[in-house]
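One structure is given below, encoded as structure tokens.
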Amino acid sequence: MKYFIIAGEASGDIHGAQLIRALREGDPQAQFRFLGGDLMSGAAGVPPLVHYRDMAYMGFIEVAKHLRRILGFMERTKEQIMRYGPDAVILIDYPSFNLKIARFAHDAGIPAYYFISPKVWAWKEYRVKQIKRYVRRVFSILPFEVDFYRKHDYEVDYVGNPTVGEIDEAISGFSTREDFCRRNNLPADKPIIALVPGSRKKEIRDNLPAMISAALSLADYLPAVAAAPNISHDLYGEILGNTGIPVVSGQTFELVYHARAAAVTSGTATLETALLGTPQVACYRMNGSKWLYKFYRRLIKGKYVTLPNLISDSPLIPELLLHNCTENAILGHLRQLTAESPQREAMKRGYSRLREILGDSDCARTTAQKIIADLRNRAITA
């Protein structure tokens, strides 16, 4: 069968590559065209029609500035779909673009599948109507999305979470704490506090200074910054100044694993930290505006923002958002989490429950099997 896959971001490229390999396992004659990146290209054996780097515009202003270019990608994608004639279009997150393609595919009689649902439970819930109308099936990596969609009279499949397998595989290759410290020239006599300030320049500028100030107040601990692979070390040097705090590159999982506690910018990293078993405080400062906090709180649905809390449906980790993300607030939580405290023990127990909720299913393989079976059933009943 022929598959057309669209991933508009680096994370989508990772998941898309895993899905391509899984589809090929179940369908050895599979052919692929895609919008994505180098990982998908390696798995499919063909280059992307459009690289995700050319599509990754964030926020209203960036999108508006590049609207003509984005619309050009849209028209080119539609043209390629019609020329290629795929048996299925598979969409990976990236909703502003992908939901328009879902409608186009639906109207052209091509089934559209969504692997990794847009976060409509938090933002722009009206998009559920588009998903119900134009998407044949949704394959979710977050278990709570099943109940969310069910409330909208739409059944989705929870197929497992890719972070579980990624973390399990990573842990199996970790060295001892002593070897890790020796390899990175870190003193082995101090427990580590991992600072994980995000992967975008603005996130790092907004969050890292408060994290640094809080961690430096804990004199018996060694703060260490996890560097994002796409960020120049000059930015970290500019923010760190002469603090002497080390920066560790390409080893975020292992740094967090060996840390006593972590301050983590809200995002997928909070789930990764939970699965690594390290107590954490989630930070998302942006500009620290109280007004902006109230504005976003009106827009965002639900009690929680971080994935560990959403998945467990409980305040498993502290969420310090915007003006609440201060040096003193971060420090207060780090003091509790580095000590042998009830808060630390409760979080560790919560992590075990979280792991059970997520399960062990290989999400890419499960999704591929379901798509192939659905396409074959569709062909039989056509």
Side-chain angles (χ1 to χ4, degrees), residues 1-58 70 73-74 76-78 80-81 84 86-102 104-105 110-119 131 135-142 145 156-167 169 199 229-230 267-268 271-272 361-372 374-375:
M1 284 182 278
K2 296 159 71 175
Y3 304 90
F4 196 103
I5 305 175
I6 303 175
E9 298 167 306
S11 60
D13 185 37
I14 295 170
H15 302 313
Q18 293 168 342
L19 182 61
I20 287 170
R21 286 191 288 268
L23 285 166
R24 189 157 272 156
E25 281 181 17
D27 181 7
Q29 303 306 312
Q31 300 176 47
F32 300 97
R33 297 290 184 275
F34 64 93
L35 280 66
D38 299 338
L39 296 177
M40 292 174 71
S41 180
V46 294
L49 298 169
V50 179
H51 201 288
Y52 73 79
R53 283 194 301 263
D54 298 322
M55 303 167 61
Y57 299 114
M58 297 290 293
I70 294 168
F73 290 147
M74 182 76 66
R76 183 180 173 189
T77 301
K78 291 176 180 178
Q80 289 291 333
I81 288 172
Y84 181 53
D87 295 287
V89 170
I90 303 173
L91 312 167
I92 302 176
D93 203 354
Y94 202 57
S96 296
F97 189 96
N98 275 339
L99 284 174
K100 293 179 177 64
I101 296 299
F104 175 80
I110 303 168
Y113 299 92
Y114 229 121
F115 175 45
I116 305 179
S117 166
K119 297 175 179 62
I131 292 170
V135 177
R136 183 170 173 86
R137 289 178 72 175
V138 171
F139 302 103
S140 165
I141 63 170
L142 297 171
E145 289 182 335
V156 307
D157 298 89
Y158 173 65
V159 291
N161 191 286
T163 308
V164 174
E166 290 166 12
I167 295 298
E169 183 178 356
S199 59
N230 57 326
T268 306
L271 179 57
E272 293 165 347
S361 177
D362 181 324
C363 66
R365 183 173 285 111
T366 302
T367 298
Q369 291 169 349
K370 288 178 178 291
I371 289 174
I372 292 168
D374 192 61
L375 287 173

field: Distance-minimising heavy-atom pair for M40 and I20
entry: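 Minimum heavy-atom contact is O-CD1, 3.9 Å.
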field: Heavy-atom closest contact (P86 atom, I81 atom, distance)
entry: CD-O, 3.2 Å
Less than 4.5 Å apart, side chain to side chain, heavy atoms only: is that true for [X] and [Y]?
{"X": "I131", "Y": "P118", "result": "yes"}
{"X": "M74", "Y": "I101", "result": "yes"}
{"X": "D93", "Y": "H15", "result": "no"}
{"X": "I371", "Y": "F115", "result": "no"}

Drop me the distance from [X]'s [atom1] to [Y]'s [atom2], to the nearest 0.5 angstrom.
{"X": "L19", "Y": "F34", "atom1": "CG", "atom2": "CZ", "result": "12.0 Å"}
{"X": "S361", "Y": "I141", "atom1": "OG", "atom2": "CD1", "result": "12.0 Å"}
{"X": "I372", "Y": "T367", "atom1": "CD1", "atom2": "OG1", "result": "10.5 Å"}
{"X": "R365", "Y": "L23", "atom1": "CZ", "atom2": "CG", "result": "11.5 Å"}
{"X": "F4", "Y": "L91", "atom1": "CZ", "atom2": "CG", "result": "10.0 Å"}
{"X": "L375", "Y": "D87", "atom1": "CG", "atom2": "CG", "result": "6.5 Å"}

statement: Of I90, N98, V156, the one forming a side-chain contact (heavy atoms from CB on, under 4.5 Å) with Y114 is N98
task: Classify the ring geometry between Y3 and F32 as parallel (under 30°), tilted (30 to 60°) or perpendicular (over 60°).
output: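 Parallel: the ring planes of Y3 and F32 meet at under 30°.
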Can you tell me if [X] uses its side chain to pair, donor with acceptor, with the backbone of [Y] under 3.5 Å?
{"X": "K100", "Y": "S96", "value": "yes"}
{"X": "R21", "Y": "A364", "value": "no"}
{"X": "D13", "Y": "G36", "value": "no"}
{"X": "D27", "Y": "M1", "value": "yes"}

message: Enumerate the side-chain hydrogen bond (donor to acceptor under 3.5 Å, both in side chains) contacts for residues 28-49, please, sequence neighbours excluded, ordered by first and then second residue.
response: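 Residue pairs passing side-chain hydrogen bond (donor to acceptor under 3.5 Å, both in side chains), neighbours aside: D38-H51.
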field: Qualifying residues under salt bridge (Lys or Arg N to Asp or Glu O under 4.0 Å), relative to R137, sequence neighbours excluded
entry: D157, D374
query: Within a reach of under 6.0 Å around NZ of K78, are more than 12 heavy atoms found that belong to other residues, nucleotides or ligands?
result: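 Count over threshold, so yes.
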- request: Kindly determine whether V89 and F104 satisfy side chain to side chain contact (heavy atoms under 4.5 Å, CB included), including the steps that lead there.
  value: CA-CA 10 Å; V89 170; F104 175 80; over 6 Å; no
- request: Please lay out, stage by stage, how T366 and Y158 fare under the test side chain to side chain contact (heavy atoms under 4.5 Å, CB included).
  value: CA-CA 9 Å; T366 302; Y158 173 65; over 6 Å; no
query: Checking side chain to side chain contact (heavy atoms under 4.5 Å, CB included) for the pair Q80/L35: CA distance, chi angles, key distance, verdict?
result: CA-CA 11 Å; Q80 289 291 333; L35 280 66; over 6 Å; no
